[in-house]
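What follows is a single structure, written as structure tokens, with notes after it.
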Amino acid sequence: MLTMNRNINLVPYPFSYLKQDCCCEFTNNIVVYGDIEKAFVNSASELIKPYGITFCAEKNTGSNPSVKTILSDTYETKDLQKMDSHFLEITASGAVIAAKTQSGLFYGLVSLVQLLMNGNRVEGCKIYDKPLYEWRGFMLDTSRTFYSTAFIKKVILLCAFHKMNKFHWHLTDDQGWRIYIDEYPLLTEIGSVRKANTNPPSKVGDYDGVKFDRYYYTDEEITEVVDYAKKFNVEIIPEIEFPGHSSALLAAYPEYGCTKGPYSVETRFGIFDDVLCLGNDKVFDLYKTILTKVTKLFTSEYIHIGGDECPTTNWKKCPACQKRITDLKLRNESELQSWGTQKITDLLIELGKTPIGWDEVLDNTDTIPLSEKVVVQSWRGVEGGEKASALNHKVIMSPGLYCYLDHKTEATVEEPGRLAVLTLEDTYKFSPVTESMSKKSSEFVMGGEATLFTEEVPYSRIAEYLMLPRLCSLAECMWLEPEYKDWESFKNNLEGHKQKLSKLGYIHS
């Protein structure tokens, strides 16, 4: 086992680091050869580009290769069985990266990139690194505020820079529908336009090179972003809300609501009574069409169905919903949502996808069980994750107490953010596994996810400020063993890391 210390500027900090008594002087044009895919080399090169350094992938080793990559089960007795684990050694003559997988080799390159940002002369070292959790995610809400695909790519690059591998793309909500569905064009024609708090078309700017006159993503843009993310080992998980947070959908197609409207795209934050009518069979035909399209655009194994904050007010007054409750012998309106969730999750499973839902999908399931294939994302504290893992559901932990980056960083009116305060130190206390979980339950925890809901975050530069550096902290919490975390050392490391973020063009607090 290599000795552990905190004398190297890497975020997240590596599992194990040992300083060597040598240095390597890297050139600005670094040759990478061996087993790594060229796309990953190009992605690492994009990270380091602002520093005037480029990585070049060559199969032929040449006379003086800088970085050698090796796909191997073991390297110097180091266990590389974990998916993203890797071994990085820097000697006087260059660097060697060994891993079992392409993603491991890529993260070895990311470590090298961060070290090179301190200068071309890098101290010799041996680093063995492995992530504690398989799911290291970030969720961006583009429903309440619509952001360009250029910014989405910038966020993906930021995730890769911190060895995060999941990007949860929140595409629909009360305040906007952001994905085009061929059979239902009004979803974007009407449902994407928020009458207030929608970024106005800029007279001097643009949206990805064209006039900023729409508020949804085209099929081509989504495909481009998904392909871009793959090159950074980031998987994109789309979220399509069901059955609540549906105002934008209902504004476009009022026949799917209990009252039949009229409805409008919401102009304010909140929870709204107008939700999908679960007494209407055509709702499920609608979602079959939507989700079939989504499965074609997104290559991820997972699709998020929302499931949170769904009032039952209108269901109590709706004859169709009441008939459904009677026909199915359900106990109440809450069980009606459980029945609807079961229908949607079964549909996704038939489509070959694994459903994810916010922790409300576990409510009222004692008589209508939730399929064990459903992943539960815990946001109302940690209790949802504890309950789900005890029931053998895979779990993603996103408790607002630690993970909600739309909260203020400080308790002052001068800071952006809303609803609560979440300091940098608060985020560093995050652990996806809680003390209350049994060993068996903890094995169902896939990892964690930081989230940014974007009400009152009208511009992407404000979003960056809210994300950073708290995202750096959460990335370390999802990567590093709890016993190796050190708040004071992280703070010291962060000072140099912020300089790197600035050089890469990110705004941070």
Side-chain angles (χ1 to χ4, degrees), residues 137-149 151-152 155-156 167-181 184-200 207 212 214-219 221-222 225 236-253 256-257 263-272 274-276 286-287 290-291 293-294 297-298 303-311 356-358 360 377 379 398 400 404-406 417-419 449-460 462-463 466-467:
F138 173 68
M139 189 220 76
L140 181 65
D141 166 26
T142 59
S143 298
R144 291 173 179 85
T145 300
F146 179 65
Y147 300 113
S148 73
T149 57
F151 178 62
I152 302 297
V155 172
I156 289 167
F167 176 71
H168 174 173
W169 197 349
H170 191 94
L171 287 164
T172 74
D173 214 298
D174 292 298
Q175 296 81 8
W177 186 281
R178 308 299 181 199
I179 179 171
Y180 182 76
I181 305 299
Y184 298 94
L186 297 183
L187 285 173
T188 44
E189 183 179 331
I190 294 174
S192 71
V193 182
R194 190 177 180 181
K195 300 301 182 183
N197 294 331
T198 295
N199 292 350
Y207 168 68
F212 193 8
R214 61 177 165 82
Y215 302 99
Y216 66 92
Y217 304 102
T218 65
D219 294 1
E221 286 172 333
I222 289 174
V225 171
I236 297 185
I237 296 91
E239 179 175 352
I240 307 296
E241 287 277 4
F242 175 93
H245 289 298
S246 300
S247 298
L249 183 157
L250 295 175
Y253 294 98
Y256 295 108
Y263 308 104
S264 61
V265 179
E266 287 295 343
T267 60
R268 59 189 174 87
F269 176 84
I271 301 172
F272 305 100
D274 291 322
V275 300
L276 294 169
L286 166 70
Y287 266 74
I290 292 170
L291 293 175
K293 171 71 176 289
V294 171
L297 284 177
F298 292 91
I303 292 179
H304 206 299
I305 62 163
D308 60 311
E309 298 179 326
C310 181
I356 305 174
W358 298 107
E360 284 95 331
Q377 186 164 2
W379 74 277
S398 299
Y404 271 42
L405 303 185
D406 46 308
R418 60 197 307 275
L419 300 179
E449 193 171 286
T451 66
L452 180 59
F453 289 97
T454 57
E455 189 74 13
E456 299 181 13
V457 188
Y459 301 103
S460 62
I462 298 175
L466 287 167
M467 291 163 62

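Residue numbers run from 1 in the order of the sequence given.
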- For Tyr216 and Glu189, what are the C-alpha separation, side-chain angles and deciding distance, and is it a side chain to side chain contact (heavy atoms under 4.5 Å, CB included)? CA-CA 9 Å; Tyr216 66 92; Glu189 183 179 331; over 6 Å; no
- Is there a donor-acceptor pair under 3.5 Å between the side chain of Ser148 and the backbone N or O of Phe151? yes
- Message: Between Arg178 and Thr142 (side chain of the first, backbone of the second, donor and acceptor by atom type, cut-off under 3.5 Å), is there such a pair?
- Response: yes
- Message: Between His168 and Ile356, is the side chain to side chain contact (heavy atoms under 4.5 Å, CB included) condition met? List the steps.
- Response: CA-CA 11 Å; His168 174 173; Ile356 305 174; over 6 Å; no
- Note on the structure: Those residues at least two apart in sequence (or on a different chain) that pass side-chain contact (heavy atoms from CB on, under 4.5 Å) with Leu286 are Tyr184, Leu249, Tyr256, Ile290
- Task: State, yes or no, whether a side-chain contact exists between Leu140 and Phe167 at a heavy-atom distance under 4.5 Å.
- Result: yes
- Apply side-chain contact (heavy atoms from CB on, under 4.5 Å) to Leu419 and list each qualifying residue two or more places apart in sequence or on a separate chain. Phe269, His407
- Message: Distance check, rounded to the nearest 0.5 Å: Ile236 atom CD1 versus Ile156 atom CD1?
- Response: 4.0 Å
- Message: Would you say that Glu455 contacts Asp406 through its side chain, given a criterion of any heavy-atom pair below 4.5 Å between the two side chains?
- Response: no
- Message: Rounded at 0.5 Å granularity, tell me how far OG in Ser143 sits from CD in Gln175.
- Response: 7.5 Å
- Indicate yes or no: at least one non-hydrogen side-chain atom of Phe453 is less than 4.5 angstrom from one of His170. yes
- Item | Backbone of Trp379 reached by a side-chain donor or acceptor of Ser398 within 3.5 Å | no
- Would you name the heavy atoms of Pro243 and Val275 that are closest together and state the gap between them? O-CB, 3.5 Å
- Ring centre gap for His304 and Trp169 strictly below 6.0 Å: no
- Determine, step by step, whether Leu250 and Leu276 satisfy the side chain to side chain contact (heavy atoms under 4.5 Å, CB included) criterion, reporting the C-alpha distance in whole Å, the side-chain angles of both residues, the deciding distance to 0.1 Å, and the verdict. CA-CA 8 Å; Leu250 295 175; Leu276 294 169; 4.1 Å; yes
- Item | Heavy-atom side-chain proximity of Phe242 to Leu291 below 4.5 angstrom | no
- Val457 and Tyr147, any side-chain heavy atoms less than 4.5 Å apart: yes
- Note on the structure: Ser247 meets the side chain to side chain donor-acceptor pair (under 3.5 Å) criterion, sequence neighbours left out, with Asp174
- Query: Listed by chain and number, what are the ring-ring contact (aromatic ring centres under 6.0 Å, His included) partners of Phe138, not counting sequence neighbours?
  - Reply: none
- Item | Any residue meeting salt bridge (Lys or Arg N to Asp or Glu O under 4.0 Å) with Glu309, in chain and number order, not counting sequence neighbours | none
- Message: Testing the basics here: between Ile271 and Pro311, what is the closest heavy-atom pair and its distance to 0.1 Å?
- Response: CG2-CG, 3.5 Å
- Note on the structure: Rounded to the nearest 0.5 angstrom, the CD1-OG1 distance for Ile240 and Thr172 is 5.0 Å
- Item | Working for side chain to side chain contact (heavy atoms under 4.5 Å, CB included), residues Tyr253 and Leu186 | CA-CA 7 Å; Tyr253 294 98; Leu186 297 183; 3.4 Å; yes
- Query: Mind checking what makes salt bridge (Lys or Arg N to Asp or Glu O under 4.0 Å) contact with Asp141, not counting sequence neighbours?
  - Reply: Arg144
- Message: Please find the pair of heavy atoms, one from Asp173 and one from His245, that lie closest to each other, and give the distance.
- Response: OD1-ND1, 3.0 Å
- Looking only at non-hydrogen atoms, find the nearest pair between Val265 and Gly176 and report the distance. CG1-N, 4.1 Å
- Item | Sidechain-backbone polar pair: Thr451 side chain, Met139 backbone, donor-acceptor under 3.5 Å | no
- To the nearest 0.5 Å, what is the distance between CZ (Arg194) and OG1 (Thr145)? 6.5 Å
- Item | Note, Glu221 side chain near Ile152 side chain (heavy atom, < 4.5 Å) | no
- Item | Check: Leu297 and Ile179 side chains under 4.5 Å, non-hydrogen atoms | yes
- Query: Hey, are the side chains of Thr188 and Trp177 touching, using non-hydrogen atoms and a 4.5 Å cut-off?
  - Reply: yes
- Gap between atom CD of Glu266 and atom NZ of Lys195 - 0.5 Å precision: 13.0 Å
- Message: Let me confirm one number: the CH2-SG distance from Trp358 to Cys310, rounded to the nearest 0.5 Å.
- Response: 15.5 Å
